[in-house]
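What follows is a single structure, written as structure tokens, with notes after it.
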Amino acid sequence: MGDSDWLCVFTGGDVCITGHDSGPVFEEQPSSVVYPEGLSEGKVTLNCQARASPAATYSWRVNGTDVPVGDPRYTLVAGNLVISSPQFGHDGGSYQCLAINRCGTILSRAANLKFGYLHDFPGEGRSPQTAYEGAGAFLACQPPAHYPALSYRWFVSEFPSFMKPDGGRWFVSQVTGNLYLAKAEPNDTASYFCFTTINMDISTKSTFSKANQLTVQPDANARKSAPAITVVPDPFSCPMKVDGLLPSKAGASAEGPILTLPDMTFHEEGVYECEAYNSEGRDTQQGRITVQAQPEWLQVMSDSEVEISSELHWTCVAAGKPRPSIRWLRNGQPLSTQDRVEVNGGRLKVINLALEDSGMYQCVAENKHGTIYSNAELRVQVQVPDFRSNPVRRLVPAARGGQVMMECRPRAAPKPTLFWSRGTELLTNSSRVTVTPDGMLRIHNISRADEGKYTCFAENYLGKANSTGHLSVRDATKITLAPSNADINQGENVTLQCHASHDPTMDLTFTWALNGALLDLEDPGGPYHRVEGKETVGDLLIVSGHLSQAGTYSCTAQTVVDSASASAKLVVRGPPGPPGGLVVKNVASTSVELRWSRGYDNHSPIGKYVIMGHSPLSPGWKRMRTDPSNIEGNAESIRVVGLLPWMDYEFQVIASNILGSGEPSMSSHTIRTQQAAPTVAPSGLGGGGGDRNELIITWTPMAREYQNGDGFGYILAFRKQNSPTWVVERVSNVESSRYVYSNQSLSPYCLFEVKIKAYNRKGEGPFSQIAVVHSAEEEPTVAPLRINATALTAFEMQVSWDPIQHLSTNGILQGYEIRYWRQHEREASADRVRTAGLETTARVVGLRPSTRYHVTVMAYNSAGTGPASPRTTVTTRRPPPNRPPGNVSWKTDGSWVTVRWDHVKTLDNESAVLGYKVLYKHEGQSALKVLDKGKTSVTLPLPKDNGYVVLEIRSWGEGGDGAAQETIVSRDSGETWTDCVHFLSYQ
């Protein structure tokens, strides 16, 4: 038979041709559809497309029976099935597509056509619910009949005010639809509506319930109590895993009442516990998470070409939970154990294969969560022996004294009988010649006499064939200069020699291996390099030898027919290797014992060891103190001293010799030193301040390294100065930095002596140095006397008083507060001005002209203000004229200018003008110069250049300064720029 006739498979009378045809392979399979019940006009399309040669034809099954494609409601478009106007009770079911060609048939996965519906909620109202403030509650959804599953939301009062998480107080179960509330609040009183939604493939439908009225009432017996978990919506909302660590994917939800675990895996299975707690106690609830999964292939079969009369073994393995069951199909039909077929779960065995066994096979794994299919094509081969694609090698070279193997692998089905001949001599097994059952010819200890032609014969019941090759014998390869053992220090170079002789008609190559692993000699940046030379020289250069490069080096000289090898050992001396077996023994509060075993000395004796340690307080490893301080090279144990009590440590040991320090040992397991009483006192002792009748003491919390044990706290001792008796108090919180002592008999700003020490389970530490702290201040008890208020202008006054005695301040006097208010106002609306320090006079500005004010003064400290002084009164002066000087004119005379203006006339309610103030500056200057004039003119110097002068002229008197007239004067004679008037407000 020719190559094109290699395989003939007969399926239904048609022929599947190898190398040309292929069985169907699905590219698209149908998916399940939910169709709205009662929708009269519509279509459902179930897709099915397969790749095949020749192209596949298609048919469909529903619930195991053929779909009547002749029915006008069913249309086949390519491989897709279109169902027009699907009807409930008639078209629902499980649909499967069959793809068929002459190589076989495959069956698609099942696609379910189901009809979806959502009825309305019942029309009757719902009973109102009552909850107590601080307690939990839930509102039942009670959804109507539906298919498929619903999604649930709730809205409050009116649509679409949907509920928000509110820090986890609200939870909507997607299993029951119920709304759960934790820690009810009065503002939760409202009407609530359950909103349900169903999602189908071509539409969505929603409906909502009647109102669920919730009233939150105050708890008549309100008191602090331990929490009680009365509602556990699902076993998923629990922030602790009882049988393991809480998954990191829980994220921030682990701190709240609703636990969220995205992308669930089998690792998250287990019992979870939700714990609620407050200062009064705690409560817990547990729930179990069980993770299940649809089937997933771990191993599938693949297309196979198997010779006739042989055996087929296929295996399918699938994972899933529950464990999937596995069944087999051949050309879309179930396959079971019978005759030559054996089915055992995921294993299929067919013996004595025949042509009719060819076709498409499917392995099907299924559990309650889904079904998966795996396809493969089986082709049963039949052929007369043929050497054309794989003849015996025409020329087979071999080395004298060596061995040769000649293969015989014709294509044939069934498997042929194979035998060899040399010339006319049939070869059989002997001391030098072996013919294996699979046709391999082996000849050992070859000589020149073995040269010649060798022929392999193959025969089966369809026919016979043969193929011939020629064996050529060559000179053997030999090592003429073998590498020698070498000894170097780490970092040195070394050359290993290797020379060989070989048959001159063949090429010779050298390879090197270290401990059997082939070396890369072509990497220019690597440590191994060839030494260039004659073809028969294969020396190896090792650059910067490393400890890892010690071992046995093998040189192999190789031709196409044979090879020869020689080996040498390389010793690399270097720093010691890491010690092993590090253990910690005899753990005390400030010391431990370490024991280890010696590591490799790397051919140089170990001189000494050092111990490295690590604790949470140090960012890296540091050298530890030992007893004795020097550790000899023959030591295998040492005592580490100077450790902190009640501290976690890890240790490493490093060995060294004259060539350097080696790698550290593996870290020891973490140990914690024994506890001990504190040895130092807390620092930063001070205090003061606070409320009436309080003594506040502060300090710096003790760092972890000074606590020396658990059960840690502080002991405070304090007494009034010169008192013989100490008051002692304990503070049990290690993080505490403040203590408040309250006593109604405590005098304000009283001097106390204070000291502090630390304690733990093992005892007490030393007291600190005594610090002086004052009790809390109280407001001053006396008022300032001899208050005097004097009007300075229409807008300001000066207030003075006698200071109070220091002993009356009940603390540190910080200053005085002046309160002032107009005569017709109440004192409660008074304005206030505070002084700092011991000043006994102050100016008060921003007053109103011609106004009578009441004034009091009181002392203040950090606790507040003392009693008010007797009030005094003061009347501000009349206001200055609110008109600026008018008719401003000026005249230059050389480098001087004379400016004149009209006198400002006052009204009856204004204060008299006593003079004028002239403020001026030259162009480019920022500072104003002030001239106080009683006349209505002034002479000023002009700038030396052509600049100008800016003038402000205003009247003044007892009421203060009046409005200003601004004028710009230049050297140009007789000109004035705009009279820009600025009316300055003194309100």
Side-chain angles (χ1 to χ4, degrees), residues 29-34 94 109-112 114 116 138 141 143 146-153 165 168-180 182 196-201 229-276 283-300 315-327 345-347 362-374:
Q29 298 189 58
S31 298
S32 295
V33 177
V34 177
S94 176
R109 69 188 178 200
N112 294 315
K114 295 187 177 182
F138 82 96
C141 179
H146 61 274
Y147 181 83
L150 296 172
S151 64
Y152 298 91
R153 290 191 292 172
R169 288 200 313 120
W170 298 98
F171 176 79
V172 178
S173 170
Q174 294 303 312
V175 177
T176 63
N178 296 343
L179 175 66
Y180 295 88
T196 61
T197 300
I198 186 172
N199 291 303
M200 293 171 283
D201 290 271
I229 301 176
T230 57
V231 177
V232 180
D234 288 319
F236 308 105
S237 42
C238 306
M240 185 181 77
K241 196 166 189 285
V242 175
D243 50 358
L245 296 176
L246 191 67
S248 59
K249 65 175 67 175
S253 71
E255 304 298 328
I258 299 176
L259 181 68
T260 302
L261 297 176
D263 302 323
M264 289 291 291
T265 67
F266 291 111
H267 296 295
E268 280 78 66
E269 278 196 328
V271 177
Y272 288 73
E273 181 176 277
C274 178
E275 181 182 49
D283 189 18
T284 60
Q285 286 282 356
Q286 291 186 352
R288 176 178 294 278
I289 293 179
T290 300
V291 179
Q292 297 194 345
Q294 65 183 22
E296 178 181 2
W297 289 121
L298 300 179
Q299 180 182 345
V300 295
T315 300
C316 286
V317 180
K321 193 173 182 181
R323 182 187 298 276
S325 62
I326 295 180
R327 53 190 174 89
R347 292 183 175 86
Q362 291 177 284
C363 180
V364 185
E366 55 192 341
N367 65 12
K368 66 180 182 179
H369 300 294
T371 303
I372 55 176
Y373 289 73
S374 174

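Note that the structure is predicted; figures quoted are calculated from it, not measured.
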To the nearest 0.5 Å, how far apart are [atom1] in [X] and [atom2] in [Y]?
X	Y	atom1	atom2	result
Glu366	Ser325	CD	OG	4.5 Å
Leu298	Thr315	CG	OG1	12.5 Å
Gln286	Tyr272	CD	OH	12.5 Å
Ser374	Gln362	OG	CD	8.5 Å

Side chain proximity check, [X] to [Y], heavy atoms < 4.5 angstrom:
X	Y	result
Ile289	Met264	yes
Thr371	Tyr373	yes
Ser31	Arg109	yes
Val364	Arg327	yes
Phe138	Ser173	no

Mark yes or no for whether [X], through its side chain, and [Y], through its backbone, hold a donor-acceptor pair below 3.5 Å.
X	Y	value
Asn112	Lys114	no
Gln174	Tyr152	yes
Asn367	Pro322	yes
Gln285	Cys274	no

Inset, instruction - Measure the acute angle between the ring planes of Tyr180 and Phe171, then classify it against the limits of 30° and 60° as parallel, tilted or perpendicular. - result: tilted
Inset, instruction - Assess whether atom CD of Glu296 is packed by more than 12 heavy atoms of other residues, nucleotides or ligands within 6.0 Å. - result: no
Legend entry - Qualifying residues under side-chain contact (heavy atoms from CB on, under 4.5 Å), relative to Arg153, sequence neighbours excluded: Phe162, Phe195
Shortest non-hydrogen contact between [X] and [Y], atoms and distance:
X	Y	answer
Ile326	Cys363	CG2-SG, 3.5 Å
Pro295	Ala365	CG-O, 3.8 Å
Asn199	Pro148	O-CG, 4.2 Å

Inset, instruction - Please say which of His369, Glu269, Gln292, Gln294 ends up in a side chain to side chain donor-acceptor pair (under 3.5 Å) with Lys321. - result: Glu269
Inset, instruction - Determine the sole option in Leu179, Leu150, Asn178 for which the side-chain contact (heavy atoms from CB on, under 4.5 Å) test with Cys141 is passed. - result: Asn178
